[in-house]
*Asks:* 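To start, I am sharing the structure in question, which I have written as structure tokens.
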Amino acid sequence: MWQLYGHEFLTLALIHFMAVILPGPDFVITVRQSVRYGYLIGCLTAIGIGVGISVHVFYTLVGIGFLIQQSEWLMSLIRTAGASYLLYLGWQCLHSQPNTNNIEINGQADSDTPSLFKAFTMGFLTNALNPKATIFFLAIFTTIVSTTTPMKVQVFYGVWMCMVNAIWFMIVSVLFAQPIVRKRFLEFGVYFERVMGVLLIGIALRLIWGLFV
């Protein structure tokens with residue numbers, strides 16, 4: 001089977017990895033969660049991002065992706081939902097009140113630490129509602145993956161991409177949750193939160209702009 005689909009898999013895996021490491025909303029939210037709350041929350045957010053990929057894989061494999069690709073209003077709806085969620089996250093960052101006095105740098109939490117489920121959900125929704133991810137998966141499965149590739153092989157591709165996303169952002173979380181890194185960022189906590197908020201809102205506005213051009 002590797003001889004038949006090895007080249008296709010390597011091409012898909014390389015393109016996907018290059019897309020993953022490019023900074024986007026997933027990166028921004030992972031960094032923010034890791035710096036503010038520590039590795040555990042950042043890690044759960046990263047896992048949520050990885051699981052969020054399964055949404056795009058699912059509707060692509062069952063053929064719903066084709067309907068999305070052909071429906072301008074449905075794609076606009078997805079863009080609007082994604083932009084709205086990023087605006088919400090950005091607004092939260094801009095209006096959060098960082099307090100480094102309550103943060104245990106060597107621990108995992110501060111006074112307003114979200115639950116593990118909430119951290120996971122934030123990562124999941126950030127990816128699942130990302131319209132750029134929608135467009136990426138529609139493109140990659142229609143241009144790289146052959147229509148003759150068996151469903152079980154395509155499912156393997158999807159599981160692989162979910163794992164790569166989760167592992168990559170867990171690595172990002174480990175790096176930014178290091179005590180010395182957190183300490184440096186949290187010394188400028190208010191400014192860090194504002195920058196994260198501006199980045200998220202900027203990404204959202206770009207998505208909204210795309211609806212009118």
Side-chain angles (χ1 to χ4, degrees), residues 1-31 33-34 39 42-79 81-83 85-86 120 122-176 199 203 206-207 210-211 213:
M1 184 173 290
W2 175 255
Q3 292 178 335
L4 292 175
Y5 306 107
H7 181 267
E8 180 179 87
F9 169 69
L10 289 176
T11 302
L12 179 145
L14 178 60
I15 293 175
H16 171 248
F17 183 69
M18 295 301 294
V20 169
I21 64 177
L22 291 175
D26 293 340
F27 180 84
V28 174
I29 204 64
T30 300
V31 171
Q33 293 284 86
S34 301
Y39 171 70
C43 181
L44 264 295
T45 302
I47 293 174
I49 290 171
V51 176
I53 288 288
S54 65
V55 174
H56 307 292
V57 173
F58 174 76
Y59 63 63
T60 301
L61 294 182
V62 300
I64 299 176
F66 178 77
L67 298 178
I68 296 174
Q69 196 173 31
Q70 299 300 314
S71 176
E72 185 175 340
W73 73 266
L74 190 54
M75 183 60 76
S76 296
L77 180 63
I78 293 173
R79 282 180 176 269
Y85 185 66
L86 292 179
F120 172 87
M122 180 176 288
F124 176 82
L125 291 177
T126 300
N127 189 278
L129 294 177
N130 185 355
K132 288 190 174 182
T134 301
I135 296 171
F136 173 79
F137 274 87
L138 292 177
I140 202 171
F141 270 90
T142 55
T143 59
I144 297 176
V145 180
S146 172
T147 55
T148 61
T149 300
M151 180 60 69
K152 64 179 181 180
V153 176
Q154 295 190 45
V155 170
F156 168 75
Y157 293 165
V159 172
W160 172 267
M161 288 187 282
C162 290
M163 292 176 57
V164 168
N165 265 61
I167 293 172
W168 170 254
F169 288 110
M170 287 173 70
I171 293 173
V172 171
S173 179
V174 170
L175 294 176
F176 282 89
L199 288 175
I203 295 172
R206 285 186 61 186
L207 292 175
L211 295 172
V213 295

*Asks:* Side-chain polar contacts of residues 153-160 - donor-acceptor pairs under 3.5 angstrom, sequence neighbours left out - could you list them?
*Replies:*
| unit_1 | atom_1 | unit_2 | atom_2 | d |
| --- | --- | --- | --- | --- |
| Gln154 | NE2 | Thr149 | O | 2.9 |
| Tyr157 | OH | Glu8 | OE1 | 2.6 |

*Asks:* With a 3.5 Å cut-off and sequence neighbours excluded, list the donor-acceptor pairs that the side chains of residues 47-57 form with protein atoms.
*Replies:*
| unit_1 | atom_1 | unit_2 | atom_2 | d |
| --- | --- | --- | --- | --- |
| Ser54 | OG | Val51 | O | 2.4 |
| His56 | ND1 | Tyr59 | OH | 2.6 |
| His56 | NE2 | Asn127 | O | 2.9 |
| His56 | NE2 | Asn127 | OD1 | 3.4 |

*Asks:* Could you give the distance from CD (Gln33) to OG1 (Thr126), rounded to the nearest 0.5 Å?
*Replies:*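 So the CD of Gln33 and the OG1 of Thr126 are separated by 8.5 Å.
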*Asks:* With heavy-atom distances below 4.5 Å as the criterion, would you say the side chains of Tyr5 and Pro150 are in contact?
*Replies:*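 Sidechains of Pro150 and Tyr5: in contact.
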*Asks:* Suppose we screen for side chain to side chain contact (heavy atoms under 4.5 Å, CB included). Which residues come up paired with Ser173, at least two apart in sequence or across chains?
*Replies:*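 Checked Ser173 against side chain to side chain contact (heavy atoms under 4.5 Å, CB included); matches are Thr30, Ser34, Tyr39.
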*Asks:* Can you list everything that forms a ring-ring contact (aromatic ring centres under 6.0 Å, His included) with Phe136? Sequence neighbours excluded, please.
*Replies:*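 Listed in chain order: nothing, the list is empty.
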*Asks:* Quick check for you: to the nearest 0.5 Å, what is the distance between Asn130 atom CG and Ile29 atom CD1?
*Replies:*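 The CG atom of Asn130 sits 12.0 Å away from the CD1 atom of Ile29.
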*Asks:* Where do Gly82 and Pro131 come nearest, in terms of heavy atoms and distance?
*Replies:*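 Closest approach of Gly82 to Pro131: CA-CD, 4.1 Å.
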*Asks:* With sequence neighbours excluded, give me every side chain to side chain donor-acceptor pair (under 3.5 Å) pair touching residues 11-22.
*Replies:*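 Matches after skipping sequence neighbours: His16-Asn165.
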*Asks:* Going through the distances and angles, do Phe169 and Thr45 end up as a side-chain contact (heavy atoms from CB on, under 4.5 Å)?
*Replies:* CA-CA 8 Å; Phe169 288 110; Thr45 302; over 6 Å; no
*Asks:* Nearest 0.5 Å, what's the CG-CD1 distance between Leu14 and Ile144?
*Replies:*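 These two atoms lie 9.0 Å from each other.
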*Asks:* Can you tell if the side chain of Met122 reaches within under 4.5 Å of the side chain of Tyr85, non-hydrogen atoms only?
*Replies:*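 With C-beta onward as the side chain, the pair touches.
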*Asks:* Would you please name every residue forming a side chain to side chain contact (heavy atoms under 4.5 Å, CB included) with Leu175, sequence neighbours left out?
*Replies:*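 Leu175 satisfies side chain to side chain contact (heavy atoms under 4.5 Å, CB included) with Ile171 only.
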*Asks:* Set out, in order, the CA-CA distance, both residues' side-chain angles and the distance that settles side-chain contact (heavy atoms from CB on, under 4.5 Å) for Ile203 and Lys132, then state yes or no.
*Replies:* CA-CA 11 Å; Ile203 295 172; Lys132 288 190 174 182; 5.5 Å; no
